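For reference, the structure discussed in these notes is given below.
Residue numbering restarts at 1 for every chain, and letters A, B, ... go by the order of the sequence lines. FYI, side chains are in, hydrogens and waters are out, and symmetry mates aren't considered; it's all heavy atoms of this structure. Note that this is a predicted model, so its numbers are computed, not measured.
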Amino acid sequence: MPELPEVETVRLQLLHKIVGKRIKKIEIYKTRTVAHDPTFESRLKNQTIEYIDRIGKLLIFSFDKKPDLFLLAHLKMTGQFFYIDKKGQIVGGGHSDKDSENITFPHKHSRVAFGFDGGGTLYFNDMRLFGYLKIASKDEAEVAKSRFGPEPIHPEFDTKWFTTALLKKKTPVKAALLNQQFVAGLGNIYVDEALWRAKVLPTRICDTLTKKEAVVIATASGAVMNESIKVGGTTFQHFIDTDGNKGNFSNFLKVFGKQGTPCSRCGTIIEKTRVAGRGTHFCRQCQK
DNA sequence: ACTCTTGTTAAAAC
DNA sequence: GGTTTTAACAAGAG
């Protein structure tokens with residue numbers, strides 16, 4: 001499940017791999033992935049990748065001398081980017097359930113391939129077809145960006161605003177944190193981890209939280225994602241980075257997937273329930 | 001064969 | 001009628 005730290009891991013690696021490269025050829029194996037856009041190849045062909053930005057879990061590619069052309073990419077559940085250089089060696093990344101050494105491309109989950117001058121190829125793979133690649137104008141890209149709230153990892157994240165806004169909500173705190181329009185980047189894994197760190201139950205209704213708890217939730221949300229980015233994200237089921245490596249943050253998870261095992265803080269058995277329609281992990285002893 | 005998995009959103013319920 | 005919850009999407013694992 002790629003969340004902000006996994007998407008950021010992919011972005012940082014792709015910056016090194018494909019910025020400055022010119023798209024020579026595009027193959028579309030599944031038109032659904034490009035929203036059945038018949039102009040997808042013709043509009044991107046011969047364009048040179050200028051930069052790759054990110055907001056929340058959305059990647060935004062820009063192109064040299066094309067100020068009104070952007071490519072929006074969302075990995076959703078199982079999307080992954082793989083970059084293979086001209087020698088056929090895997091250099092790129094995303095989300096997979098197989099050992100990278102044994103993969104040949106394209107494989108049955110490859111949806112789009114970008115061939116670059118010089119021989120490198122970027123594959124977009126997506127088993128469950130929820131992910132998408134979409135061309136956008138500058139205005140459309142701005143609209144897409146405007147749908148995201150601020151990111152807790154930002155050094156100037158406005159904790160005061162967050163606290164005030166959070167305390168007005170009447171939803172379970174987990175639902176609020178999963179809402180990308182409110183705050184961007186958290187998904188099921190990092191919400192559970194952040195709430196465990198903050199010692200707050202995911203079921204707590206926001207307007208029953210104290211200001212102090214809200215501040216700790218903000219701090220924990222940013223910290224858990226920043227720590228994950230430093231070690232290349234979390235691999236729980238599928239995620240692998242642009243070099244085919246698994247994310248090391250899996251080793252630091254405290255509650256996600258830990259049901260039935262003792263809480264590392266107090267020894268109480270971690271439980272799993274359903275909150276906001278999602279599998280939710282918590283310690284009933286030290287989260288209140 | 002049936003249930004469970006999740007990011008996002010549209011539809012439904014409140 | 002604005003807010004909150006549920007279902008749908010897809011495909012695979014168990």
Side-chain angles (χ1 to χ4, degrees), chain A residues 1-11 29-36 54-60 72-81 94-99 103 107-112 124-134 136 140 143-149 151-152 165-195 202-208 221 225 228 233-240 247 250 253 255-260 271-281:
Chain A
M1 301 69 84
E3 302 175 28
L4 186 154
E6 290 72 44
V7 178
E8 179 67 1
T9 297
V10 169
R11 185 184 79 89
Y29 308 110
K30 202 79 177 177
T31 61
R32 177 196 162 97
T33 297
V34 298
H36 307 288
R54 179 194 58 70
I55 180 160
K57 306 165 191 172
L58 182 70
L59 289 168
I60 304 172
L72 310 182
H74 203 302
L75 303 175
K76 287 289 183 84
M77 312 288 295
T78 58
Q80 57 183 202
F81 278 113
H95 198 175
S96 168
D97 51 1
K98 291 180 181 173
D99 291 333
I103 297 178
H107 62 64
K108 68 172 179 175
H109 298 316
S110 295
R111 308 309 184 190
V112 179
F124 181 75
N125 304 319
D126 185 21
M127 180 180 77
R128 286 168 69 178
L129 296 173
F130 282 14
Y132 61 83
L133 304 178
K134 189 173 183 301
E140 289 168 336
V143 168
K145 289 169 79 169
S146 73
R147 293 204 180 99
F148 290 91
E151 299 180 352
L166 186 68
L167 291 180
K168 287 178 183 171
K169 293 175 177 287
K170 295 174 170 37
T171 60
V173 62
K174 173 156 182 169
L177 295 178
L178 284 173
N179 183 348
Q180 304 298 299
Q181 294 183 49
F182 179 44
V183 286
L186 292 161
N188 208 30
I189 295 174
Y190 295 107
V191 166
D192 283 6
E193 293 295 317
L195 289 173
T203 47
R204 277 283 291 286
I205 303 303
C206 293
D207 66 7
T208 72
S221 298
M225 289 198 289
S228 182
T234 299
T235 296
F236 186 68
Q237 289 182 320
H238 304 291
F239 178 77
I240 55 177
S250 322
L253 295 177
V255 280
F256 193 88
K258 300 293 186 186
Q259 63 273 21
E271 297 175 51
K272 182 177 180 183
T273 57
R274 183 162 290 265
V275 178
R278 296 293 172 234
T280 298
H281 314 72

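For A/M77, counting side-chain heavy atoms from C-beta on, the closest listed nucleotide (B/dG7, B/dT6, C/dG12) is B/dT6. Taking every side-chain heavy atom of A/M127 into account, C/dA11 is the closest of B/dG7, B/dT6, C/dA11. In the set C/dC9, B/dT8, C/dA11, the nucleotide with an atom closest to the side chain of A/Q180 is B/dT8. Here the nucleotide nearest the side chain of A/T171, chosen from C/dA11, B/dG7, C/dT4, is C/dT4.
Here the options are A/L129, A/N125, A/T31, the test is side chain to side chain contact (heavy atoms under 4.5 Å, CB included), and the partner is A/R111; only A/L129 passes. Checked options A/L178, A/V191, A/N179; the residue passing with A/L186 is A/V191 (criterion: side chain to side chain contact (heavy atoms under 4.5 Å, CB included)).
Closest heavy-atom contact between A/K57 and A/L4: CG-N, 4.0 Å.
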Worksheet item: Between A/R147 and A/Q180, does a side chain to side chain contact (heavy atoms under 4.5 Å, CB included) hold up when you go through it step by step?
Response: CA-CA 8 Å; A/R147 293 204 180 99; A/Q180 304 298 299; over 6 Å; no

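Rounded to an integer number of Å, the gap from NZ of A/K76 to P of B/dT6 is 15 Å. In this structure, CD of A/Q181 is placed 14 Å from C1' of C/dG2, rounded to the nearest angstrom. In this structure, A/K170 atom NZ and C/dT4 atom P are separated by 7 Å, rounded to whole Å. When rounded to the nearest whole Å, the span between CG of A/L178 and P of B/dT6 equals 10 Å. In this structure, the CG atom of A/N179 is 13 Å from the P atom of B/dA10, given to the nearest Å. As rounded to whole Å, 7 Å separates atom C1' of B/dT8 from atom NE2 of A/H74. Between A/F130 atom CZ and C/dA7 atom P the separation is 15 Å, expressed in whole Å. Put simply, CD1 on A/I205 is 16 Å from P on C/dT3, counting in whole angstrom units.
In terms of polar N and O atoms assigned as donor or acceptor, the side chain of A/R278 comes within less than 3.5 Å of the base of B/dT8 in a complementary pairing.
Under 4.0 angstrom from either OP1 or OP2 of B/dT8 there lies at least one side-chain N or O belonging to A/K57.
Contact annotation for A/K272: backbone-only contact, meaning every heavy-atom pair under 4.0 Å involves sugar-phosphate atoms and none involves a base. Contact annotation for A/R32: backbone-only contact, meaning every heavy-atom pair under 4.0 Å involves sugar-phosphate atoms and none involves a base. A/G131 comes within 4.0 angstrom of no nucleic acid atom, judged by non-hydrogen atoms across all strands.
In this structure, NZ on A/K174 lies 9.5 Å from CG on A/L177, to the nearest 0.5 angstrom.
Summary of the strand contacts: A/K168 and A/L129 both lie near DNA chain C, and taking for each the nucleotide with the nearest heavy atom, the more 5' one is attributed to A/K168.
Across the P atoms, B/dT9 and C/dG1 are found 25 Å apart, a figure rounded to whole Å.
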